[in-house]
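Heads up, the thing below is written out as structure tokens.
Every chain is numbered from 1 and lettered A, B, ... according to where its sequence line falls, protein lines coming before strand lines. Basis for what follows: all heavy atoms, side chains included, without hydrogens, waters or symmetry-related copies.
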Number of protein chains: 2
Amino acid sequence: MMTTGLTRTDVRGLLLEHGITPTKQRLEIAQILFARPQHLSAEQVLSRLNEERPKASKATIYNTLGLFAQKGLVRELIVDPTKIFYDSNTSDHHHFYNVDTGKLFDVPADSNMVVDNLPNLPDGTVAESVDIIFRIKNKSN
Amino acid sequence: MMTTGLTRTDVRGLLLEHGITPTKQRLEIAQILFARPQHLSAEQVLSRLNEERPKASKATIYNTLGLFAQKGLVRELIVDPTKIFYDSNTSDHHHFYNVDTGKLFDVPADSNMVVDNLPNLPDGTVAESVDIIFRIKNKSN
DNA sequence: GCAGGTTTTTTGAATTTGTCTATTTCTAAA
DNA sequence: TTTAGAAATAGACAAATTCAAAAAACCTGC
């Protein structure tokens with residue numbers, strides 16, 4: 001299912017499907033996130049949301065992004081030492097992180113990367129996700 | 001080369017090999033790090049170092065860990081949203097991160113995990129590292 | 001040993017991201 | 001329309017990290 005490029009009502013449905021009460025603020029935040037596949041920090045969502053007039057408070061942004069992540073609507077990316085990125089694309093994919101610029105990119109889906117011989121997990125644990133991050137830097141010559 | 005379980009003079013040599021002036025504080029910090037392969041945050045190094053009496057200031061810890069990472073003596077792990085871990089084992093290996101406990105473990109070297117068909121990197125960039133993180137959680141029954 | 005320059009360390013303030021708490025506002029259902 | 005629970009808000013707070021300025025340590029040539 002494509003969860004980006006959605007209309008206002010699509011977004012409402014998306015929240016409901018995930019058991020999230022669609023409040024005004026949550027819809028505003030979801031609309032920003034699901035406009036297209038992207039990686040946004042909480043602060044980016046905050047400033048984009050309140051560009052013209054205040055639509056939600058800081059606490060609400062943090063609460064909402066946390067809730068969306070927990071309900072599987074977005075994916076938390078821990079990749080930058082200073083902030084969390086939220087990925088509106090929850091399908092299985094990995095990332096390039098440019099340490100020089102702090103920018104984050106998807107590894108294209110058509111790169112047929114495969115991981116073999118996955119290790120056994122420590123006893124009493126289950127996998128939540130497997131993150132592969134290519135830390136890249138600019139060729140400096 | 002084994003860079004853990006080192007004597008005081010071994011540690012001095014290790015710093016010199018990496019082009020780092022071996023000051024008193026740096027040696028103290030290195031001795032903690034290279035006592036054994038481990039994952040320590042700056043705050044952990046700080047409190048371990050100054051347990052009995054002050055041996056280095058906070059700023060020095062941060063400066064030094066940053067310097068060690070830059071010189072390739074330790075590896076920075078971005079895996080926990082609230083702090084950086086420094087890994088005294090710089091050999092090629094990956095990690096389990098328990099999201100419930102915040103604890104970090106090595107994927108055992110004898111797990112023969114392989115990654116095939118690595119993607120092409122974005123133009124003008126080179127790889128610095130490839131990090132694979134298994135985010136695990138406790139089996140809750 | 002000592003002046004002058006460089007490197008390192010220190011202190012403490014500042015910054016940034018994120019969390020918490022108390023209060024107010026909504027919402028949905030009876 | 002009352003009312004209980006859920007959600008949102010403002011603003012204080014916390015934790016990790018960075019920064020700037022000053023002090024201390026370390027050279028090096030004399």
For [N], does OP1 or OP2 lie under 4.0 Å from any side-chain N or O of [X]?
X: B:Thr21; N: C:dT8; result: yes
X: B:Tyr62; N: D:dT17; result: yes
X: B:Gln25; N: D:dA25; result: no
X: B:Thr82; N: D:dA15; result: no
X: B:Ser57; N: C:dT9; result: no

- [ ] Locate the shortest heavy-atom distance separating B:Pro37 from B:Asn89; write the atom from each residue and the value.
- [x] CB-CB, 4.3 Å
Task: Heavy-atom pair of closest approach, residues B:Leu73 and B:Thr90 - done: O-CG2, 3.4 Å
Using whole Å, report how far [atom1] of [X] lies from [atom2] of [N].
X: B:Leu46; N: C:dT10; atom1: CG; atom2: P; value: 11 Å
X: B:Lys58; N: C:dT10; atom1: NZ; atom2: P; value: 13 Å
X: A:Leu65; N: D:dA7; atom1: CG; atom2: C1'; value: 15 Å
X: A:Lys55; N: D:dA10; atom1: NZ; atom2: P; value: 15 Å
X: B:Asn63; N: D:dA24; atom1: CG; atom2: P; value: 18 Å
X: B:Gln70; N: D:dT18; atom1: CD; atom2: P; value: 13 Å
X: B:Ile61; N: D:dA15; atom1: CD1; atom2: P; value: 18 Å

TODO: Return the 5'-most residue of the pair A:Thr23, A:Ala42 with respect to DNA chain C, ranking by each residue's nearest nucleotide.
DONE: A:Ala42
Open item on the list: Please verify the inter-ring angle class for A:Phe134 with A:Phe96; under 30° counts as parallel, over 60° as perpendicular, anything in between as tilted.
Closed with: tilted
Open item on the list: Suppose we call a contact any N or O donor and acceptor under 3.5 Å apart; does that hold for the side chain of B:Lys83 and the base of D:dT17?
Closed with: no
Open item on the list: Has B:Gln38 got a side-chain atom pairing as donor or acceptor with B:Leu33's backbone, closer than 3.5 angstrom?
Closed with: yes
